Each structure stands twice: as C-alpha cells, then as structure tokens.
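All values reported here derive from a predicted model rather than from experimental measurement. For ligands, and for the atoms within them, numbers begin at 1 and follow the listed sequence. Below, each value reflects all heavy atoms present in this structure, side chains not excepted, and no hydrogens, waters or symmetry copies.
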Amino acid sequence: MDADYLPFHPNPSKPTFVPPAGAVDAHCHVFGPADTFPYAPQRKYTPCDAPKEKLFELRDFLGFERNVIVQATCHGNDNRALIDALRAAGDKARGVASVAPDIGMDELRTMNDAGVRGVRFNFVKRLVDATPKEVFLSIAEKIEQLGWHIVVYFEAQDLEELIPFLKQLPTTIVVDHMGRPDVTKGADHPDFQRFIALLENNENMWVKATCPERLTVQGPDYSDVVPFGRKLVEKFPDRVIWGTDWPHPNMKSHMPDDGKLVDFIPRIAPTPDQQKALLVDNPMRLYWS
Ligand SMILES: O=C(O)c1cc(C(=O)O)oc(=O)c1
C-alpha cells in the first residue's frame with residue numbers, strides 16, 4: 001500500500017437512514033487480496049486489500065441487498081478479482097469491467113455469465129494513461145452486442161472536449177460521481193448547468209449521485225455537495241443511481257464513514273419515491289433486467 005494511502009473506515013457507524021428493501025450499492029470495488037489477485041503493473045496507486053468478504057459484510061451492515069462492483073484502475077484490465085466476487089455473490093452482485101480492445105466475444109460472454117453488464121472508460125489523468133478514442137469505440141462496438149452499457153469517469157474540466165466522443169457511444173452511458181463538478185462554483189453555475197443540459201439532451205445518459213466525500217471543500221458534513229445531488233435526483237429521477245464507492249481509493253482529506261454516506265441519501269433524495277427509484281428501481285432496470 002502506498003505510504004500516504006488511507007485504508008477504508010475500520011468501523012463505520014450504523015446509518016440512521018434505512019434503505020428500502022432490495023436497495024443496491026451501485027458503485028463499489030474489490031481490491032485484491034494482492035497475494036491472490038495482484039495489482040496491475042501499470043497502476044498509478046497501490047491500495048490496501050479490500051476483499052469481497054469485507055464488501056459483502058458492509059452491504060449487510062448498511063442495509064443493502066445488492067452490489068454493482070466496478071473494476072478499479074489498480075487492477076487495470078485484469079478482472080479476476082471482480083469476477084471472483086461476482087461468482088461468490090451470485091444474483092446479489094453485477095459488475096462493470098475494464099477490458100483491452102483485443103478481448104474476444106467468448107471472453108466477454110463468460111464475463112456476462114458471471115454478471116458483468118458494462119465496461120468502464122476512465123479519463124481521469126491521475127488514474128490512467130490516455131486511451132485513444134478509436135480504441136474505446138472498438139470496445140463499445142463489441143459490448144453493444146451483449147446489451148452492456150458504458151460507465152465513464154471524467155473530471156468536469158474535461159467534459160467539453162469529451163462530448164463529441166460521448167455522443168458517438170451506441171449504448172447507455174453512466175457518468176461516475178456527478179461528473180465531478182467543482183462545488184465551489186455552485187449548482188447554478190454554467191459549468192454544472194452544461195452538464196445538466198447534456199443529460200437533458202441525451203436520454204441514454206445516466207448519472208451516479210455519488211462521492212460527496214471527493215467533491216466537498218467544506219468537510220465531512222458534505223453540505224456543499226447536497227445541491228448538486230438534489231438537482232440530479234430532481235431532474236433525472238429515473239436515470240440516477242447511488243453507491244458507497246467503498247473502499248474509497250485515493251482519499252486524502254479524510255476517510256468517509258460509510259454509515260454517514262448512507263445518511264447523505266435522504267438529503268439528496270428526500271421522498272420515499274425518489275429513494276426507491278435511486279436505490280432500487282433504477283439500478284435493477286440497468287443491471288438486473
Ligand atoms: O477518484 C478516484 O481516485 C477513484 C478511483 C477509481 C479507480 O481507481 O477505479 O474509481 C473511483 O470510482 C474513484
């Protein structure tokens with residue numbers, strides 16, 4: 001583990017908010033264990049181990065029933081830890097993989113049988129080296145045949161340049177972590193309004209109302225992130241999903257208490273209908289239908 005790497009919270013608090021029956025933690029990861037599933041040589045960080053057993057324990061403790069496990073960049077295109085976790089969870093988990101452009105349809109079908117339903121395209125420069133757009137487009141063509149979708153992780157300042165590429169993708173697209181807005185600019189700032197307009201004009205684009213702990217500048221009550229999450233839930237009630245982002249890679253300012261992250265949900269989705277759509281209906285439609 002990197003010297004300055006913060007491990008996940010050792011004893012998260014029990015949330016006050018009780019998720020509705022069938023709730024899905026729709027963005028989380030498994031790391032290693034390194035002696036069984038080594039981290040990728042080309043990784044840009046070395047995390048602590050965060051095995052599937054700990055993820056499933058947290059799922060039950062927080063009151064969720066299912067996970068969508070997203071391949072993290074520390075494992076590169078080696079999805080073995082993800083597949084292992086999916087096979088252990090059976091119908092309680094689905095996955096989003098990271099694949100190389102030369103992957104065959106047989107291997108994709110095997111991943112689909114294990115519960116993979118999407119691939120991830122990462123544009124965050126501190127996490128990955130750039131991938132040529134045509135490489136991503138060739139992967140998109142293959143996974144479209146399986147009915148999979150594409151999760152995209154980018155920073156707000158890169159959005160403008162990415163829009164033409166995003167419009168070329170033939171599948172549903174799910175944007176990680178609210179598109180990482182600069183919360184100091186406020187939810188009415190043109191930057192976030194442009195992101196809202198992009199989703200309004202592209203019905204195939206979904207968004208994750210996740211990671212207040214990464215976006216806040218005020219600190220662990222995350223109040224400066226509430227307006228952003230609430231706006232997305234109000235504008236896109238049937239295209240928004242939520243997740244813990246456990247085990248929270250690369251956190252520097254603090255390590256979030258996962259119970260407190262769950263208590264963030266009613267602040268951005270105040271009504272039971274919004275909570276059911278965010279936590280059950282939307283992720284079930286995207287990953288279990
Ligand atoms: O902001 C991050 O550092 C981060 C990294 C990864 C990953 O390494 O895959 O995934 C995330 O959802 C967030």
Side-chain angles (χ1 to χ4, degrees), residues 1-2 4-9 24-32 34 37-52 55 58 67-83 85-86 93-100 116 118-131 136 139 149-159 173-183 206-217 222 225 228-229 240-256 258 261 264 283 287:
M1 167 164 95
D2 296 318
D4 63 346
Y5 186 91
L6 282 183
F8 55 86
H9 199 293
V24 182
D25 176 350
H27 186 97
C28 49
H29 311 280
V30 286
F31 293 164
F37 301 112
Y39 297 111
Q42 75 273 24
R43 67 185 178 280
K44 293 193 185 294
Y45 67 89
T46 301
C48 61
D49 283 353
K52 59 182 182 289
L55 176 66
L58 181 74
N67 294 97
V68 178
I69 309 173
V70 178
Q71 177 75 354
T73 60
C74 53
H75 278 300
N77 293 334
D78 177 352
N79 297 279
R80 282 177 295 166
L82 168 64
I83 299 298
L86 294 179
R94 292 292 185 265
V96 177
S98 177
V99 301
V116 176
V119 288
R120 194 176 198 211
F121 292 171
N122 204 313
F123 301 92
V124 179
K125 295 178 180 60
R126 64 179 162 84
L127 294 172
V128 290
D129 296 332
T131 299
F136 279 146
I139 293 170
H149 59 271
I150 296 168
V151 171
V152 290
Y153 190 27
F154 55 77
E155 293 177 292
Q157 68 262 24
D158 301 326
L159 175 57
I173 299 167
V174 189
V175 177
D176 276 338
H177 313 333
M178 306 192 210
R180 286 199 69 115
D182 173 354
V183 299
W206 293 43
V207 63
K208 297 180 190 174
T210 44
C211 284
E213 72 282 5
R214 296 183 185 283
L215 302 173
T216 189
V217 292
Y222 309 144
V225 185
F228 293 83
V240 64
I241 58 180
W242 183 87
T244 55
D245 193 31
W246 187 88
H248 313 285
N250 304 310
M251 284 301 297
K252 302 287 184 242
S253 59
H254 68 293
M255 179 45 64
D258 296 280
L261 290 178
F264 185 72
Y287 289 97

Value for OH (Y45) from CG (D4), rounded to nearest 0.5 Å, stands at 13.0 Å
Under the side-chain hydrogen bond (donor to acceptor under 3.5 Å, both in side chains) criterion, do R180 and Y153 qualify, and how do the steps go? CA-CA 9 Å; R180 286 199 69 115; Y153 190 27; 2.7 Å; yes
Partner set under ring pair (Phe, Tyr, Trp, His ring centres under 6.0 Å) for F264, not counting sequence neighbours: none
Going by salt bridge (charged side-chain N to carboxylate O under 4.0 Å, His left out), name the residues that satisfy it together with D176, two or more places apart in sequence or in a different chain. R120, K208
Pairs of nitrogen or oxygen atoms, one from ligand 1 and one from the protein, closer than 3.5 Å: please tabulate them with distances.
residue  : atom   : partner : partner atom : Å
ligand 1 : 1 (O)  : R126    : NH2          : 2.9
ligand 1 : 1 (O)  : Y153    : OH           : 2.7
ligand 1 : 1 (O)  : R214    : NH1          : 3.2
ligand 1 : 3 (O)  : R126    : NH1          : 2.8
ligand 1 : 3 (O)  : N250    : ND2          : 2.8
ligand 1 : 8 (O)  : Y45     : OH           : 2.6
ligand 1 : 8 (O)  : T73     : N            : 3.2
ligand 1 : 8 (O)  : T73     : OG1          : 2.7
ligand 1 : 9 (O)  : T73     : N            : 2.9
ligand 1 : 9 (O)  : R120    : NH1          : 2.7
ligand 1 : 10 (O) : R120    : NH1          : 3.4
ligand 1 : 10 (O) : R120    : NH2          : 3.2
ligand 1 : 12 (O) : H27     : NE2          : 2.9
ligand 1 : 12 (O) : H29     : NE2          : 3.4
ligand 1 : 12 (O) : R120    : NH2          : 2.9
ligand 1 : 12 (O) : H177    : NE2          : 2.9
ligand 1 : 12 (O) : D245    : OD1          : 3.3

With sequence neighbours excluded, tell me which residues meet ring pair (Phe, Tyr, Trp, His ring centres under 6.0 Å) with F8. W246
Less than 4.5 Å apart, any side-chain heavy atom of W206 and any of I241? yes
